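Since we're looking at a predicted model, the values are computed, not measured. Order of the sequence lines sets the chain letters (A, B, ...), proteins ahead of strands, with each chain counted from 1.
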Amino acid sequence: MGRDVHALYLLVTSACRARGSTAVRDAISALVTTAITAAIDAGELPLEQVPDPAVERPRDPSHGDWATSVAMRSAKSAGMNPRQIAEVIASHLSEDADIAAVEIAGPGFINLRLSPMALQRVLKEASEADRAFGRVDIGHGRRVQVEFVSANPVGPMHVGHGRWAALGDAMARVLEHAGWKVEREFYVNDAGVQMDIFGASVSARYLELCGAEVEFADEWYQGAYITEIAREIFEAESTCWFDAAPHEREQYFREKAYVQVLEHLKRVLHGMGVDFDVWFSERTLHASAPGGGPSAVEDGIAALRDAGYIFELDGATWFRSTDFGDDKDRVLVKADGEYTYFAADIAYHKNKFDRGFDRVINIWGADHHGYVARMKAACAALGHEGKLDVVIGQLVNLFRNGEAVRMSKRTGEMVTFEELLDEVGADAARYWFLRRSTDQQVDFDIELARQQSADNPVFYVQYAHARICSIMRKAAGEAVSSTAVDADSLAVEVVRPTADLSLLDAPAELALMRRLGEFTEVVEAAARDLAPNKLTRYAEDLATGFHQFYTRCRVVSDDVELTAARLYAVDAARRALRCVLALLGVSAPESM
RNA sequence: GCGCCGUUAGCUCAGCUGGAUAGAGUAUCUGACUACGAAUCAGAAGGUCGCAGGUUCGAAUCCUGCACGGCGCACCA
């Protein structure tokens with residue numbers, strides 16, 4: 001029996017590694033598993049299999065650093081009461097320098113307390129790893145593409161796009177930190193009828209500027225920006241397009257306006273720190289291959305046809321997506337010979353996989369969630385089942401003074417994301433969006449966000465960082481508000497690498513270390529769940545940990561050794577804060 | 001009619017693969033600056049986790065039904 005048990009033990013621990021669990025959790029888990037195994041071998045625990053200890057962080061810190069409910073979960077199969085099982089397992093837990101105490105509590109929890117020495121070690125890790133602090137390897141260098149924003153280039157970015165931008169970029173950053181090789185991509189829907197409508201809209205405004213009476217069609221875009229683009233063209237080229245053939249004029253205006261909108265998108269996104277590796281034009285999918293070969297769209301359909309998922313009906317060409325769980329089959333080529341948007345999207349996703357991505361993540365607004373099933377079906381039909389993840393971000397409801405602002409491109413009233421950025425700033429906007437989980441709607445009142453900006457949690461976190469920098473300036477004899485020397489240089493001057501960290505055992509100091517120790521797990525969870533909001537929460541917890549420490553522990557004092565140790569701790573916290581903020585794409589100011 | 005998301009403190013929201021007395025911010029009340037930044041800290045108060053069943057040692061979490069709000073259900077993009 002012992003051998004089987006050990007084989008199982010190996011299975012369990014290797015499974016933990018495959019999941020990419022963190023080093024500390026692995027170690028604790030292995031410790032408990034060893035104890036369970038020993039208890040079984042000793043005949044004190046009648047179990048057929050070694051259960052997964054599933055160690056977790058207790059919600060209540062007074063319960064220790066790690067806990068396992070394995071005794072309760074094994075009660076039935078062992079035929080013993082949980083507390084008894086816990087006693088048996090605890091009695092087989094071997095001595096370990098990192099474990100300060102083992103306690104049995106409640107209905108049968110086994111709680112483990114880390115020793116101060118184990119906690120102090122994280123300061124070294126944070127300090128030495130610096131910007132790489134919290135890195136985990138769950139990606140194993142695999143390539144993932146994150147596609148987001150992907151706004152139609154027919155108008156300015158709206159506030160919802162701002163949310164996708166913040167989300168996608170933060171996810172990309174977290175995935176990079178978790179060992180994935182990430183590319184950011186923006187899919188430009190520059191083909192199709194909405195582009196023609198766009199061109200016609202600008203053209204119509206241009207004709208008005210030329211003095212003509214134009215009856216405005218219902219489907220045309222009516223935003224003020226259309227008139228602005230038309231005016232720019234009018235001012236540069238006067239009336240020379242007035243007598244042109246309508247089709248030529250609209251096409252020309254469409255392209256002119258397209259370039260402008262694309263530049264607007266790039267400028268706004270870059271302004272908030274979001275830069276894409278690839279801007280992918282939908283048109284390239286429709287273009288014939290060099291030498292007149294089939295287009296990517298035709299290729300995509302051919303690939304599905306070869307796989308046996310294409311059929312013809314009522315003059316149209318269909319994809320049998322119901323084979324992969326979709327509600328109904330979908331048209332790819334309409335009876336009039338035009339391709340549907342979906343056909344192009346299939347070609348696009350085929351292109352993604354042809355580029356060798358191991359995984360593809362799309363961030364879509366909730367208004368597109370009905371599209372998910374067919375897209376996944378298409379990927380599966382192309383032989384890439386399970387490689388596509390679609391993150392659905394719920395919509396942003398914009399308010400101004402409590403009144404809803406519509407976000408349609410076609411209505412005149414619209415607050416662009418650029419305006420929002422101007423009013424609340426990139427840091428606050430990003431943080432505000434990232435703080436909520438993706439499947440939660442956001443009610444964003446501009447005036448409220450402005451008024452509350454002093455109480456905005458992002459400032460709370462940034463203040464912690466600035467405060468640390470201030471302490472370091474103090475230690476270096478600089479003016480507290482000076483910006484002459486940057487924090488990294490101060491650290492070289494002020495932080496002694498050989499400081500005796502064992503001096504740090506006050507409750508507030510240990511609490512801060514515990515926070516730092518959680519970071520790796522948070523990164524792992526945020527990457528696994530594609531949930532940047534876990535990082536904002538952690539950032540606030542870490543900031544709280546520092547502020548509490550600050551209130552209770554004087555850093556710069558007459559005690560040279562204690563000062564050295566606390567400066568070391570504070571500098572480690574500074575680097576960790578900078579690291580979290582970097583993952584969120586938010587700046588870490590050294591003074592505010 | 002069908003599908004997806006939401007419903008947790010007055011307000012805005014967390015709550016990891018089911019775990020211990022359901023948390024944080026904010027608002028309200030009470031304290032703390034002759035020391036490194038008070039954009040901070042400490043304390044109090046605040047809850048039938050939308051409703052009703054079910055699953056089990058144990059449910060905010062899983063299952064079923066219902067209610068309310070949002071978004072979708074094209075040979076549109």
Side-chain angles (χ1 to χ4, degrees), chain A residues 19 52 54 56-60 62-63 67-69 72-73 75-76 81-82 105-109 111 152 154 189 191-195 197 282 313-318 327-328 330-342 344-345 365-373 392-395 397 435-443 448 452-457 459-464 466-475 480-481 521-522 524-526 528-529 531 533-534 536-537 540-541 543-544 546-557 563 566-567 570 591-592:
Chain A
R19 274 208 311 266
D52 184 351
E56 59 189 16
R57 297 279 192 178
R59 196 169 300 163
D60 184 344
S62 72
H63 291 142
T68 171
S69 60
M72 278 122 72
R73 283 181 283 114
K76 184 173 274 184
N81 83 54
F109 286 98
N111 294 335
N152 293 337
V154 295
N189 295 128
V193 294
Q194 89 277 356
M195 285 296 285
I197 295 171
E282 182 187 350
L313 184 71
D314 298 335
T317 301
W318 298 69
D327 294 334
K328 51 171 292 193
R330 307 291 172 176
V331 170
L332 301 184
V333 188
K334 296 185 264 181
D336 65 4
E338 291 288 316
Y339 294 107
T340 60
Y341 179 86
F342 184 42
D345 230 350
D367 52 341
H368 288 89
H369 77 261
Y371 204 72
V372 175
I392 295 299
Q394 293 297 313
L395 301 175
N397 301 311
R435 203 158 177 259
R436 286 156 177 75
S437 63
T438 54
D439 43 25
Q440 187 84 27
Q441 287 187 25
V442 175
D443 288 342
L448 216 59
Q452 288 184 345
S453 65
D455 297 322
N456 193 310
F459 292 110
Y460 178 81
V461 178
Q462 289 179 319
Y463 178 62
R467 218 177 190 188
I468 293 173
C469 295
S470 177
I471 295 172
M472 293 172 65
R473 286 190 288 269
K474 168 81 175 181
V480 161
S481 58
E521 295 154 50
V522 173
E524 184 187 341
R528 183 195 59 216
D529 301 338
N533 66 307
K534 291 180 193 291
T536 58
R537 194 146 290 273
E540 288 162 43
D541 288 342
T544 297
F546 165 72
H547 286 309
Q548 290 173 337
F549 159 83
Y550 175 90
T551 305
R552 292 168 179 74
C553 302
R554 169 89 192 169
V555 177
V556 182
S557 71
T563 297
R566 285 183 172 166
L567 278 172
V570 144
S591 67
M592 296 172 69

Answer yes or no: does a side-chain N or O of A:Lys328 lie under 4.0 Å from OP1 or OP2 of B:C75? yes
A:Ala366 near the nucleic acid: base, sugar-phosphate alone, or nothing, with a heavy-atom cut-off under 4.0 Å? sugar-phosphate
Nearest-nucleotide comparison on RNA chain B, the residue closer to the 5′ end among A:Pro457 and A:Asn189: A:Pro457
Report yes or no: does A:Asp60 contribute a side-chain atom to a donor-acceptor pair with the main-chain N or O of A:Ser62 at less than 3.5 Å? yes
Under 3.5 Å, is there a donor-acceptor pair between the side chain of A:Arg554 and the main chain of A:Val556? yes
Once you round it to whole Å, what is the distance between C1' of B:U17 and CZ of A:Arg73? 10 Å
Test item: A:Trp318 side-chain N/O and A:Leu313 main-chain N/O as donor-acceptor pair under 3.5 Å: yes
So, is A:Ser437 close to the B:A14 phosphate, meaning a side-chain N or O under 4.0 Å from OP1 or OP2? yes
With the side chain of A:Pro58 defined as its heavy atoms from C-beta on, choose the nearest nucleotide among B:C36, B:G37, B:A20. B:A20
A:Lys334 and A:Thr340: side-chain contact (heavy atoms from CB on, under 4.5 Å), yes or no, with the steps? CA-CA 7 Å; A:Lys334 296 185 264 181; A:Thr340 60; 3.8 Å; yes
Could you walk me through whether A:Phe546 and A:Val570 pass the side-chain contact (heavy atoms from CB on, under 4.5 Å) test, one step at a time? CA-CA 8 Å; A:Phe546 165 72; A:Val570 144; 4.1 Å; yes
Hunt down the Watson-Crick or G-U wobble partner of B:C2, both distances under 3.5 Å, from any strand shown, or write none. B:G72
Measuring from A:Ser437:OG to A:Arg537:CZ, what's the distance to the nearest 0.5 Å? 10.0 Å
The side chain of A:Arg436 is closest to which nucleotide in this list: B:C75, B:U12, B:A38? B:U12
Which nucleotide in the list B:G37, B:A24, B:G15 gets nearest to the side chain of A:Arg537? B:A24
Short N/O separations, protein against nucleotides 7-11 of chain B, under 3.5 angstrom:
none

Separation between the P atoms of B:A20 and B:C75, rounded to whole Å: 49 Å
Just checking A:Asp327: base, sugar-phosphate only, or nothing, at a heavy-atom cut-off of under 4.0 Å? nothing
Using a cut-off of 4.0 Å on non-hydrogen atoms, how would the nucleic acid contact of A:Ser69 be classed: base, sugar-phosphate, or nothing? base
Of the listed B:C75, B:C13, B:G37, the closest approach to the A:Ser470 side chain comes from B:G37
Look through every strand shown and name the nucleotide pairing with B:U17 as Watson-Crick or G-U wobble, where both distances are under 3.5 Å. none
Quick one: do the A:Asn397 and A:Gln441 side chains pair a donor with an acceptor below 3.5 Å? yes
Base paired to B:G50 (Watson-Crick or G-U; both N/O distances under 3.5 angstrom): B:C66
Rounded distance (Å) that lies between atom P of B:G37 and atom CZ of A:Phe549: 14 Å
Pairing partner (Watson-Crick or G-U wobble, both distances under 3.5 angstrom) of B:A39: none
When you check the phosphate oxygens OP1 and OP2 of B:G70, does a side-chain N or O of A:Gln394 lie under 4.0 Å from one of them? no
Look at the side chain of A:Asp439 and decide which nucleotide, out of B:U56, B:C5, B:C16, has an atom nearest to it. B:C5
Which distance, rounded to the nearest 0.5 Å, do you find between the OH of A:Tyr341 and the CG of A:Leu332? 14.0 Å
Residue-phosphate contact under 4.0 Å: A:Lys534 side-chain N/O, B:C16 OP1/OP2: no
Out of B:A35, B:A38, B:C71, which has the shortest distance to the side chain of A:Tyr550? B:A38
Do the side-chain N or O atoms of A:Tyr460 get closer than 4.0 angstrom to the phosphate oxygens (OP1, OP2) of B:A24? no
Is A:Ser591 reaching over with its side chain to a backbone N or O of A:Ala466, donor-acceptor style, under 3.5 angstrom? no
Separation of atom CE in A:Met592 from atom P in B:A38, rounded to whole Å: 13 Å
Distance between C1' atoms of B:G72 and B:U40 (Å, rounded): 46 Å
Under 4.0 Å, heavy atoms only, any strand: does A:Ala191 hit a base, just the sugar-phosphate, or nothing? sugar-phosphate
Mapping A:Asn111 and A:Leu313 onto RNA chain B by nearest heavy atom, which one lands closer to the 5' end? A:Asn111
For B:C16, does the O4'-C1'-N9-C4 (purine) or O4'-C1'-N1-C2 (pyrimidine) torsion place it in syn, i.e. within 90° of 0, or in anti? anti
Separation of B:A39 C1' from A:Glu540 CD (nearest whole Å): 14 Å
Side chain of A:Met72 only, heavy atoms from C-beta on: which candidate in B:A20, B:G19, B:A77 is closest? B:G19
Look at the side chain of A:Arg59 and decide which nucleotide, out of B:G37, B:C75, B:G19, has an atom nearest to it. B:G19
Pairing partner (Watson-Crick or G-U wobble, both distances under 3.5 angstrom) of B:C33: none
Whether A:Arg435 contacts B:G25 is assessed here as follows: a side-chain N or O lying under 4.0 Å from the phosphate OP1 or OP2. Is that the case? no
Testing B:A39, B:A42, B:C36 for proximity to the side chain of A:Ile471, the answer is B:C36
Side-chain (A:Asp529) to main-chain (A:Ala531) donor-acceptor, under 3.5 angstrom: no
Using a 4.0 Å heavy-atom cut-off, does A:Val193 contact any base of the nucleic acid, only the sugar-phosphate backbone, or nothing at all? sugar-phosphate
Partner of B:A24 under the Watson-Crick or G-U wobble criteria, both distances under 3.5 Å, comes out as B:U12
Within the stacking criterion (centroid distance below 5.5 Å, interplanar angle below 30°), does A:His368 stack on B:G72? no
Examine B:C16: is either OP1 or OP2 under 4.0 Å from a nitrogen or oxygen in the side chain of A:Arg528? Give yes or no. no
Mind checking A:Cys469 for me? I need base, sugar-phosphate or nothing, with any heavy atom below 4.0 Å counting as a touch. nothing
What is the distance, rounded to the nearest whole Å, between atom CG of A:Asp60 and atom P of B:G19? 15 Å
Does A:Lys474 reach a base, just sugar-phosphate, or nothing at all? Heavy atoms under 4.0 Å. sugar-phosphate
A:Ala464 near the nucleic acid: base, sugar-phosphate alone, or nothing, with a heavy-atom cut-off under 4.0 Å? nothing
Among the nucleotides B:G15, B:A77, B:C71, whichever has the atom closest to the side chain of A:Tyr371 is B:A77
Would you kindly give the NE2-to-C1' distance between A:His369 and B:C4, to the nearest whole Å? 4 Å
Classify A:Ala531 by what it touches in the nucleic acid, base, sugar-phosphate, or nothing, heavy-atom distance under 4.0 Å. nothing
Could you check whether any side-chain N or O of A:Arg330 sits under 3.5 Å from a backbone N or O of A:Lys328, counting only pairs where one atom can act as donor and the other as acceptor? yes
Whole angstroms only, please: what is the NZ-P distance between A:Lys334 and B:C76? 4 Å
For A:Arg473, which residues count as a salt bridge (charged side-chain N to carboxylate O under 4.0 Å, His left out) partner, sequence neighbours excluded? none
Any stacking of A:Phe109 on B:A20, going by centres under 5.5 angstrom and planes within less than 30 degrees? yes
A:Asp367 CG - B:C73 P separation (whole Å): 9 Å
